[in-house]
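Heavy-atom basis, side chains included; hydrogens, waters and symmetry copies ignored. For the single chain, residues carry numbers from 1 onward in sequence order.
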Amino acid sequence: LGNVTEGTSANFTISASDADGTAITYSDTTGNLSSNSLTLNPSTGAITGTAPTVTADTTISFTGRASDGVNTTDRAFSIIVKNKTIDVVDIFGDSSGIGLYQLNNSYTNASGGSLPNLSDVGAPTFTTSIKKYGTHALDFGGDGKYIDINTTTRMYAISCWSYLDSGDLEGAGSGSNEYLIELRHDNDNNTKPYFYYHKSTQTGKHGLISLDTDTTASNQIGEIWINGTQHTSGEFHFDINTWYHIVVNAAGSTYQNTTRGNWNEGVRFGNRSDGSGSGKVGHIDQIRVFNRALTSSEIGQLYSGEVE
């Protein structure tokens with residue numbers, strides 16, 4: 001019949017017709033609906049109620065019966081109750097998720113996260129008009145506005161959603177770099193994973209990353225994933241007024257076990273570690289932080305599988 005997220009209202013219908021126009025009565029012969037707090041209306045076939053709490057996606061299977069008082073017909077149905085993952089810090093269940101910043105008018109790490117709360121510089125603003133999930137997202141708003149996770153805990157993967165509007169990347173012309181993510185190092189001269197925008201010169205596009213020329217950044221120290229796909233070369237141009245899923249992923253021993261890979265000063269969103277970035281890097285939402293590199297399937301799950 002379809003999917004419903006745990007804790008939300010279910011609204012499904014089973015239906016049948018009788019050639020003589022006799023009223024149909026509906027029932028669940030298995031009792032599985034009522035045992036999962038769902039109700040089947042015997043007159044209309046409507047299934048309503050609040051979906052039960054689940055620890056993983058769960059299928060409720062039942063047999064619906066339609067009867068006109070003389071004849072009966074049984075049919076198997078199922079409803080999938082989706083586990084609500086949008087609020088879960090350790091989304092993969094292996095203690096790898098250590099930070100979830102939903103930015104719902106707050107810089108706090110979600111319950112269960114081991115990293116400190118975010119701190120801000122320049123007072124970026126929370127907004128309700130442009131958001132990916134929840135009630136708010138964060139608008140960096142202009143030069144000198146950024147947020148930090150200040151910790152010596154080493155992080156291997158950063159996931160977030162990014163949105164550019166017409167006023168963003170105001171200082172990103174002439175080859176300047178507008179930093180969205182940078183894993184910080186105690187020595188600024190050491191290479192570390194990061195992601196930055198240029199202003200796109202392509203008609204109808206707004207932001208740009210150029211991986212061919214990114215010789216000192218993410219090509220050396222980590223992977224860049226955009227909307228579930230890894231990008232290793234060439235240019236990627238971003239549409240205006242569109243949410244994109246961004247992952248900076250330090251995968252493989254080449255990235256993780258070198259001296260220059262010992263980034264241990266937290267992570268900055270919206271500017272460089274040395275503060276030399278300029279411009280406005282748009283909105284950010286649903287920041288996740290992991291203590292290990294992510295697999296391609298896990299990145300795909302973060303892109304398309306988070307359930308609100």
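- Ring orientation note: the planes of Tyr107 and Phe126 are tilted relative to one another, at an angle of 30° to 60°.
- Residues Ile98 and Ser114 are in side-chain contact: their nearest non-hydrogen atoms beyond the backbone lie under 4.5 Å apart.
- For the residue pair Asn104/Ser106, the side-chain donor-acceptor check at 3.5 Å is not satisfied.
- Put simply, the side chain of Gln301 reaches to within 4.5 Å of the side chain of Ile91, judged on heavy atoms.
- Ring geometry for Trp243 versus His283: interplanar angle over 60°, hence perpendicular rather than tilted (30 to 60°).
- Transitive grouping of hydrophobic side chains (ILVMFWY, heavy atoms separated by less than 4.5 Å) keeps Val88 and Tyr101 in distinct clusters.
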Legend entry - Derivation of the side chain to side chain contact (heavy atoms under 4.5 Å, CB included) call for Asn291 and Arg154: CA-CA 7 Å; Asn291 62 11; Arg154 194 169 175 199; over 6 Å; no
Inset, instruction - Go through the steps for Phe290 and Phe92 under the test ring pair (Phe, Tyr, Trp, His ring centres under 6.0 Å), then give the verdict. - result: CA-CA 10 Å; Phe290 298 89; Phe92 302 121; 5.6 Å; yes
Legend entry - Audit row: Ser296, Trp225, side chain to side chain contact (heavy atoms under 4.5 Å, CB included) steps and yes/no: CA-CA 9 Å; Ser296 58; Trp225 293 72; 3.5 Å; yes
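- Side-chain contact check for Ser129 and Thr127: at least one donor-acceptor pair (N or O, by modelled atom type) lies under 3.5 Å.
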Inset, instruction - Test Phe77 against Asn32 for side chain to side chain contact (heavy atoms under 4.5 Å, CB included), laying out the working first. - result: CA-CA 11 Å; Phe77 295 95; Asn32 286 346; over 6 Å; no
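- Identified under the side-chain hydrogen bond (donor to acceptor under 3.5 Å, both in side chains) test for residues 88-99, with sequence neighbours left out: Asp94-Ser96, Asp94-Arg292.
- In this structure, the side chains of Thr48 and Leu38 stay at 4.5 Å or more apart for every pair of heavy atoms.
- When the side-chain hydrogen bond (donor to acceptor under 3.5 Å, both in side chains) test is applied to Thr13, no partner is found at least two apart in sequence or on another chain.
- Counting heavy atoms from C-beta on, the side chains of Ile284 and Leu180 come closer than 4.5 Å.
- At least one side-chain heavy atom of Ile246 sits under 4.5 Å from a side-chain heavy atom of Ile226.
- Just one of Trp161, Tyr303, Phe238 meets the side-chain contact (heavy atoms from CB on, under 4.5 Å) condition when paired with Tyr244; it is Phe238.
- Connection of Leu115 to Val89 is not established within any shared hydrophobic cluster, with ILVMFWY side chains joined at heavy-atom distances below 4.5 Å, either directly or through further cluster members.
- In this structure the side chain of Thr242 never reaches within 4.5 angstrom of the side chain of Tyr163, judged on heavy atoms.
- Tyr26 and Ile60 fall within the same hydrophobic cluster, where Ile, Leu, Val, Met, Phe, Trp and Tyr residues are linked whenever their side-chain heavy atoms come under 4.5 Å apart, directly or through other members.
- A side-chain donor-acceptor contact under 3.5 Å links Ser119 and Asn150.
- With contacts defined as side-chain heavy-atom distances shorter than 4.5 Å, the pair Ile79/Leu33 qualifies.
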Inset, instruction - Give the intermediate values and the outcome of side chain to side chain contact (heavy atoms under 4.5 Å, CB included) for residues Leu294 and Leu302. - result: CA-CA 10 Å; Leu294 301 181; Leu302 293 176; 3.7 Å; yes
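- If you chain together hydrophobic residues whose side chains sit under 4.5 Å apart, Val247 and Leu100 never meet in one group.
- Side-chain contact between Gln102 and Gln286 is present, with at least one heavy-atom pair separated by less than 4.5 Å.
- Transitive grouping of hydrophobic side chains (ILVMFWY, heavy atoms separated by less than 4.5 Å) brings Ile47 and Val54 into a common cluster.
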